[in-house]
Amino acid sequence: MKRLEKVKGTRDLLPEEMAKRRWVFERIREVFERYNFHEVLTPTFEYTELFKLRSGDEVVEQLYAFDDKGGRNLSLRPDMTSSVARLYVNSFQNAPKPVKWYYIANMFRYEEPQSGRFREFWQAGVELIGSDKVEADAEVIALFVESYLATGLEDFTVNIGDRILLDEFARMLGVEDDIGLMRLIDKKDKLSKEDFIGALKGFGLNDDGVEKVLALIGIKGRPDEVLPRAEELFTSDEAKAEIKRLYELVDLLDAYGVSRWIRIDLGIARGFDYYTSIVFEAIAPNDLGIGSIGGGGRYDNLIGVFGGKPTPATGFAIGIERLIPILEWKGLIPEPKLRPDVYVIPIGKDTEVKKAAVEVVSALRRAGVKADVELTGRKIGKALDYAGRLGVPYVVLIGKRDLAEGRVTVRDMETGEQKAVEKERVVEELLDLLGL
RNA sequence: GCCAGGGUGGUGUAGCCUGGUCAGCACAGGGGACUGUGGAUCCCCUAGCCCGGGUUCAAAUCCCGGCCCUGGCCCCA
């Protein structure tokens with residue numbers, strides 16, 4: 001038996017867990033819909049080339065890539081943004097703008113599993129294509145906040161950074177390996193101050209440069225407190241314009257009523273593949289070793305890279321496997337009810353009795369009651385035992401004697417009280433008892 | 001890709017250091033005592049040493065490799 005093992009980094013989701021996931025998905029989906037985003041689903045796999053085009057050849061290392069029987073080199077999607085951008089370029093370039101799409105789907109990355117990281121995982125995300133205005137950034141970030149709120153989570157922050165400012169910053173410092181520097185900055189919270197400074201000097205920074213980096217990563221906190229500091233640090237026109245954009249953004253987010261969850265953190269880089277301006281990520285304090293629970297940003301070049309007419313876009317993705325453990329840890333997901341409300345037990349092996357049981361359970365089901373019928377032929381004692389253990393509130397017992405008089409027995413499992421009910425009236429009776 | 005610690009019936013575990021007397025326990029599942037009345041009790045049954053190789057008279061136990069799990073690194077689109 002042990003030869004049939006689960007593939008590394010994948011999971012089986014059992015009924016209870018599925019019920020909880022579905023609850024989370026539904027909360028999030030509802031908000032997405034209210035913001036008038038529409039659901040799309042693209043194929044699970046694409047040509048590997050698509051992902052290489054976006055992120056370069058190295059990503060193949062992190063892809064679930066394979067050749068199919070027709071010799072195509074394919075990869076399971078590592079996220080949805082590439083596929084959605086391809087879909088847009090293929091067929092929606094002339095659609096009215098903005099295009100507002102959302103998805104809830106599984107993604108695949110060939111990485112070593114660890115806390116909150118699997119090889120197959122789910123994301124719920126949106127893409128807003130066709131507006132380069134800060135209003136679009138605000139709309140998406142407000143929805144990002146509202147999505148978490150919809151799941152009951154309140155203790156989290158959305159930290160906003162900016163790639164233009166980071167790039168500008170690397171230029172100011174004259175660092176060759178700007179990507180390496182950003183990676184280091186992204187990791188700032190994991191290192192001690194001494195190690196961090198030592199690593200900075202490894203990039204050839206002098207004391208002045210180190211000071212500047214420390215000043216940058218110190219730009220972290222409430223927008224009204226830290227944005228003025230950013231204005232002092234940056235001098236170029238481009239950077240000034242971007243800071244103005246951030247001011248407008250936080251102003252709009254205030255109008256959306258979500259500023260309570262908004263922080264500025266100019267040290268955020270969020271990967272390096274395609275973000276071009278505002279980037280953001282959500283963090284919820286927890287003891288589970290889980291960091292970011294989702295993130296996104298503006299990517300104005302990707303559609304052009306895919307051969308489309310240059311089109312600005314912005315979006316985010318929520319990591320379901322990171323969000324759910326935190327919600328569970330906080331007790332925010334309601335316990336799913338997996339038991340039926342009524343359990344119908346035929347007594348004996350008589351065919352008429354079995355048919356009557358099926359008739360009763362069918363009638364209940366048609367009336368909208370979650371009902372089950374004994375299917376294993378257990379004797380009445382074991383069947384009641386089973387129903388009791390499941391916590392079923394009402395059982396209908398159907399035996400030959402009652403049936404001869406056109407009646408069945410309804411048993412309240414909590415009190416043990418029983419009463420004979422006309423078979424034709426049993427649905428009505430139970431609806432009444434259940435308060436339906 | 002790298003590192004650390006793990007893997008014993010469906011689940012949780014004892015045993016491993018110190019090889020044999022070892023495959024035990026609890027829960028769960030099925031049946032019966034009880035052929036029309038539950039969660040109790042008693043009895044019975046099902047079911048396991050992750051896979052492969054090595055050492056040895058003898059391996060769950062020691063060694064090697066693989067797979068998987070948990071976590072860390074890299075990376076995190």
Side-chain angles (χ1 to χ4, degrees), chain A residues 1-12 14 50-56 58-63 75 77-85 107-119 121 123 125 163 179-180 182-183 186-187 190-191 268-275 279 281 288-297 299 302 305 315-317 319 321-322 343 345-350 353 374 376-404 408-418 420:
Chain A
M1 288 303 275
K2 281 287 151 101
R3 254 171 252 160
L4 300 176
E5 278 183 335
K6 194 162 52 61
V7 175
K8 183 173 187 169
T10 62
R11 290 170 315 144
D12 296 314
L14 276 46
L50 180 74
F51 305 116
K52 279 196 201 168
L53 247 183
R54 181 190 68 184
S55 310
E58 328 79 70
V59 289
V60 178
E61 297 294 311
Q62 313 273 349
L63 290 174
S75 289
R77 56 178 172 229
D79 63 48
M80 208 62 153
T81 304
S82 296
S83 298
V84 164
M107 314 293 159
F108 306 83
R109 294 183 193 174
Y110 198 89
E111 299 181 295
E112 285 306 308
Q114 51 189 275
S115 185
R117 282 174 75 163
F118 302 92
R119 288 187 172 183
F121 57 96
Q123 290 187 331
R163 291 298 308 274
I179 289 181
M182 287 185 209
R183 278 184 183 156
D186 219 21
K187 245 181 296 189
K190 286 189 177 178
L191 299 173
I268 290 179
R270 280 210 58 77
F272 310 93
D273 285 330
Y274 54 72
Y275 289 122
V279 293
E281 64 184 22
L288 309 172
I290 294 173
S292 160
I293 55 174
Y299 53 100
L302 185 62
V305 168
F316 67 75
E321 277 71 14
R322 295 180 173 207
Y343 189 60
I345 305 174
I347 301 165
K349 297 194 168 114
D350 196 272
V353 168
E374 169 58 36
T376 72
R378 293 185 187 86
K379 285 179 193 145
I380 182 164
K382 295 279 183 193
L384 282 169
D385 184 357
Y386 169 80
R389 208 174 311 208
L390 253 53
V392 180
Y394 297 100
V395 162
V396 176
L397 293 158
I398 303 179
K400 218 170 171 177
R401 285 179 221 157
D402 290 344
L403 205 54
V408 299
T409 301
V410 173
R411 181 182 175 92
D412 181 327
M413 291 298 281
E414 201 154 321
T415 63
E417 277 171 37
Q418 298 191 170

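Quick note on labels: first sequence line is chain A, next is B, and so on, each numbered from 1.
Across all strands shown, the partner of B:A33 is B:U41, judged by Watson-Crick or G-U wobble contacts whose two distances both fall under 3.5 Å. Remark: B:A60 base-pairs with no nucleotide; criterion is Watson-Crick or G-U wobble with both hydrogen-bond distances under 3.5 Å. Nucleotide B:C17: unpaired (no Watson-Crick or G-U wobble partner with both distances less than 3.5 Å). When both pairing distances are held under 3.5 Å, B:G1 makes a Watson-Crick or G-U pair with B:C73.
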Using the rule given for side chain to side chain contact (heavy atoms under 4.5 Å, CB included), can you reason through A:Glu61 versus A:Tyr110, listing the C-alpha separation, both sets of side-chain angles and the distance that settles it, and then say yes or no? CA-CA 7 Å; A:Glu61 297 294 311; A:Tyr110 198 89; over 6 Å; no
After noting the C-alpha distance and the side-chain angles of A:Arg109 and A:Arg117, does the key distance pass the side chain to side chain contact (heavy atoms under 4.5 Å, CB included) rule? CA-CA 9 Å; A:Arg109 294 183 193 174; A:Arg117 282 174 75 163; over 6 Å; no
Report, one pair per line, the protein and nucleotides 30-33 of chain B atoms (nitrogen or oxygen only) whose separation is under 3.5 Å.
{"residue": "B:G30", "atom": "OP1", "partner": "A:Arg378", "partner atom": "NH2", "Å": "3.1"}
{"residue": "B:G32", "atom": "OP1", "partner": "A:Lys379", "partner atom": "NZ", "Å": "2.7"}

Enumerate all atom pairs, one protein N or O and one N or O from nucleotides 45-48 of chain B, separated by less than 3.5 Å.
none

Contact list (N/O, under 3.5 angstrom) for nucleotides 66-70 of chain B vs protein:
{"residue": "B:C67", "atom": "O2'", "partner": "A:Glu5", "partner atom": "OE1", "Å": "2.9"}
{"residue": "B:C69", "atom": "OP1", "partner": "A:Gly9", "partner atom": "N", "Å": "2.8"}

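Note on A:Glu112: a base of the nucleic acid sits closer than 4.0 angstrom, heavy atoms only. Among the protein residues, A:Ser82 comes within range of no part of the nucleic acid, since none of its heavy atoms lies under 4.0 Å from any strand. Contact annotation for A:Gly381: backbone-only contact, meaning every heavy-atom pair under 4.0 Å involves sugar-phosphate atoms and none involves a base. Among the atoms of the strands shown, base atoms are found under 4.0 Å from some heavy atom of A:Gly416. At the heavy-atom level, A:Glu58 lies nowhere under 4.0 Å from the strands shown.
Heavy-atom distances to RNA chain B give each of A:Pro78 and A:Glu417 a nearest nucleotide, and the one nearer the 5′ end belongs to A:Glu417.
Taking the side-chain contact (heavy atoms from CB on, under 4.5 Å) definition, one finds that A:Arg11 meets it with A:Leu13, A:Glu17, A:Arg21, A:Phe118, A:Glu321, sequence neighbours left out. For A:Arg411, the salt bridge (Lys or Arg N to Asp or Glu O under 4.0 Å) test picks out no residue, with sequence neighbours left out.
Taking side-chain N and O atoms only, A:Arg389 has no distance below 4.0 Å to OP1 or OP2 of B:C27. Between A:Arg411 and B:G36, a side-chain N or O to OP1/OP2 separation shorter than 4.0 Å is absent.
Aromatic ring orientation, A:Tyr274 versus A:Tyr299: perpendicular (interplanar angle above 60°, classes split at 30° and 60°).
Following rounding to the nearest Å, A:Met107 (CE) and B:C76 (P) show an atom-to-atom distance of 18 Å.
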Pair up each side-chain donor or acceptor in residues 393-401 of chain A with any protein partner under 3.5 Å, not counting sequence neighbours, and list the distances.
{"residue": "A:Lys400", "atom": "NZ", "partner": "A:Asp350", "partner atom": "OD2", "Å": "3.4"}

